[in-house]
Amino acid sequence: MFAVLKQDVSQEQLDHLSMWLRSRGVEPHVFHGVYQTVVGLVGDTSNIDIDLLRGLDIIDSVTRISEPFKSANRKFHPDDTVVKLGDRAIGGGNFEIIAGPCSVESEQQIVDIAKAVKASGAGLLRGGAFKPRTSPYDFQGLRAEGLEFLLEAKQVTGMPIVTEIMSASHLELFEDVDVIQVGARNMQNFELLKELGHCNKAILLKRGLANTMKELLMSAEYIMSGGNENIILCERGIRTYETYTRNTLDLSAVPMLHELTHLPVVVDPSHATGLSRLVLPMAMAAAACGADGLMIEVHNDPKHALCDGAQSLTPEQFDEVARKVAKVREVL
């Protein structure tokens, strides 16, 4: 349920309304938009008399939200959320490319790649320190040492860093990380999502390989219900019957999610296709359909990468992608 306030409502009146709502067991979330102020009611609203609420002098209208996701709902928050990361921003017309290797392999590797992708226009650096792998015998990442190498690359280039978390027990290690990534396998790790709801970090939430958009938004709701609203959604492909690509990139999710939610949406064409030669056309298509950013894997020696070399671009290939994506956005 959300209530739209009339014009010129004083802060004192808003405070009284908030106190009254809390006394009835719901938490008011106030959004001051460009044209109106909206108060979202989060929690069990069965104790709220909707006719009584509509009759208050300061209320213009009251609407029930039928969807189970409330805080993530665009009805609740009409304007786009902008996630700010230092001097960078994603959402609300701000477009960023997140680039870097699937996994951090050495300090020199991540620093060199960071310099290269920044020179080509990437705004954020990605790199996996903790790696979820299907086989227990595959490279699992450098873990804490990998995080140290990422922070060194951040110090050298000034780029905010994005890296994946595997367990809430690792949160202390992520104190200096700018964006915590929740991978596809952990999208419905609800205990982890609850913990991330209490941290003061931007969260990049990837869609699970077999999950619906509704399930993705409900996972975002878990984080937002804890108070953390700095969430970036990521479409990274879903599993279908198709075998020629690693996954099937659902680009229809981008405009659909923008219709449903105020949260920014980025696209990962690397994991979606699994093939480096398909990253360029899918990145351009993602920009064309309104994505707020891209997440692209770049490696200085893809043939010898310890993880996902087949989908990784060289720095030279990434430079071409960045230039062509920029041209698509100019047209738009």
Side-chain angles (χ1 to χ4, degrees), residues 72 74 77 79-85 88-100 117 120-126 159-160 162 164 178-179 181-184 187 202-209 211-217 219-220 230-238 245-276 278-298 311-313 317-332:
R74 185 171 286 281
H77 190 302
D79 293 349
D80 290 341
T81 285
V82 177
V83 177
K84 297 180 180 179
L85 305 158
R88 321 300 299 194
I90 298 177
N94 300 282
F95 184 93
E96 290 289 351
I97 300 181
I98 306 165
V117 297
S120 295
L124 289 84
L125 174 67
R126 65 145 293 154
M159 300 175 74
V162 182
E164 183 171 354
D178 300 281
V179 182
Q181 175 184 315
V182 176
M187 191 206 86
I203 309 297
L204 189 142
L205 180 64
K206 284 197 164 189
R207 182 180 179 184
L209 70 164
N211 288 108
T212 64
M213 286 180 266
K214 179 179 176 181
E215 289 169 334
L216 173 63
L217 291 172
S219 290
N230 292 310
I231 301 171
I232 304 162
L233 302 176
C234 182
E235 168 57 44
R236 46 80 68 202
I238 53 175
T245 54
R246 181 175 181 176
N247 295 287
T248 298
L249 179 54
D250 182 10
L251 286 180
S252 68
V254 176
M256 190 72 249
L257 287 170
H258 278 147
E259 183 178 313
L260 293 169
T261 182
H262 52 91
L263 299 174
V265 182
V266 303
V267 171
D268 178 351
S270 302
H271 278 91
T273 64
L275 299 168
S276 61
L278 297 183
V279 171
L280 173 58
M282 291 298 95
M284 294 171 67
C289 74
D292 296 296
L294 295 166
M295 192 172 190
I296 296 176
E297 292 194 357
V298 181
Q311 66 195 36
S312 298
L313 303 181
Q317 291 171 325
F318 173 74
D319 186 73
E320 180 186 10
V321 170
R323 285 188 289 104
K324 291 190 174 180
V325 165
K327 289 181 179 179
V328 170
R329 297 199 70 249
E330 285 177 12
V331 173
L332 295 175

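Below, each value reflects all heavy atoms present in this structure, side chains not excepted, and no hydrogens, waters or symmetry copies. Note that the numbering runs from 1 along the sequence shown for the chain.
Proximity of a side-chain donor or acceptor of Glu320 to a complementary backbone N or O of Gln317 within less than 3.5 Å is not detected. Without hydrogens or angle criteria, Ser312 side chain to Val298 main chain gives no donor-acceptor distance under 3.5 Å. Between the side chain of Asn247 and the main chain of His271, a donor-acceptor pair closer than 3.5 Å is present. At distances below 3.5 Å, at least one donor-acceptor pair connects side-chain atoms of Thr212 with backbone N or O atoms of Glu215. Proximity of a side-chain donor or acceptor of Ser219 to a complementary backbone N or O of Met187 within less than 3.5 Å is detected. At least one donor-acceptor pair under 3.5 Å links the side chain of Asp292 to the backbone N or O of Val265. Checking side-chain atoms of Thr273 against main-chain N and O of Val279 turns up no donor-acceptor pair under 3.5 Å. Under the 3.5 Å distance criterion, the side-chain polar atoms of Arg246 are left unmatched by any main-chain donor or acceptor of Gly274.
Scanning for salt bridge (charged side-chain N to carboxylate O under 4.0 Å, His left out) contacts around Glu235 gives Arg207, with sequence neighbours left out.
Residues Val179 and Leu85 form a side-chain contact, since some pair of their non-hydrogen atoms from C-beta on lies under 4.5 Å apart. Between Ile203 and Val182 the shortest side-chain heavy-atom distance falls below 4.5 Å. Val82 places none of its side-chain heavy atoms less than 4.5 Å from the side chain of Ile90. Looking at Met295 and Lys206, their side chains come closer than 4.5 Å, going by heavy atoms from C-beta outward. Under the 4.5 Å side-chain criterion, counting only non-hydrogen atoms from C-beta, Leu125 is not in contact with Val162. At least one side-chain heavy atom of Phe318 sits under 4.5 Å from a side-chain heavy atom of Ile97. No side-chain heavy atom of Leu233 sits under 4.5 Å from any side-chain heavy atom of Val266.
With values rounded to the nearest 0.5 angstrom, Gln311 atom CD is found 9.0 Å from Ser276 atom OG. Separating the SG atom in Cys234 from the CG atom in Leu257 is a distance of 11.0 Å, to the nearest 0.5 Å. Taken to the nearest 0.5 Å, the CD1 atom of Ile232 stands 9.5 Å off from the CG atom of Leu263. With rounding to the nearest 0.5 angstrom, the CD atom of Gln181 is 8.5 Å from the CD1 atom of Ile98. Met282 CE to Ser270 OG: the interatomic distance, rounded to the nearest 0.5 Å, is 12.0 Å. Distance check, rounded to the nearest 0.5 Å: CG of Asn211 to CG of Leu217 gives 11.0 Å.
In this structure, Ser120 and Asp319 approach most closely via the heavy-atom pair OG-OD1, 2.8 Å. In terms of heavy-atom proximity, Ile231 sits nearest to Ala220 at CD1-O, 3.5 Å. Residues Ala288 and Leu332 come closest through the heavy atom pair CA-CD1, 3.7 Å. The nearest pair of heavy atoms linking Ala291 to Val254 is N-CG1, 3.6 Å. Nearest heavy atom pair, residue Ala89 against residue Asn94, reads O-CB, 3.2 Å. The minimum heavy-atom distance between Gly123 and Pro160, with the atom names listed, is O-CD, 3.4 Å.
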* To do: Tell me, with the steps shown, if Glu164 and Arg126 meet salt bridge (Lys or Arg N to Asp or Glu O under 4.0 Å).
  => CA-CA 9 Å; Glu164 183 171 354; Arg126 65 145 293 154; over 6 Å; no

* Step-by-step side chain to side chain contact (heavy atoms under 4.5 Å, CB included) determination, Met159 to Val117 -> CA-CA 10 Å; Met159 300 175 74; Val117 297; 4.1 Å; yes

* To do: Begin with the C-alpha distance, continue with both residues' side-chain angles, and end with the deciding distance and a verdict on side chain to side chain contact (heavy atoms under 4.5 Å, CB included) for Thr261 and Arg74.
  => CA-CA 4 Å; Thr261 182; Arg74 185 171 286 281; 5.6 Å; no

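With 3.5 Å as the limit, one finds no donor-acceptor pair spanning the side chains of His258 and Asp80.
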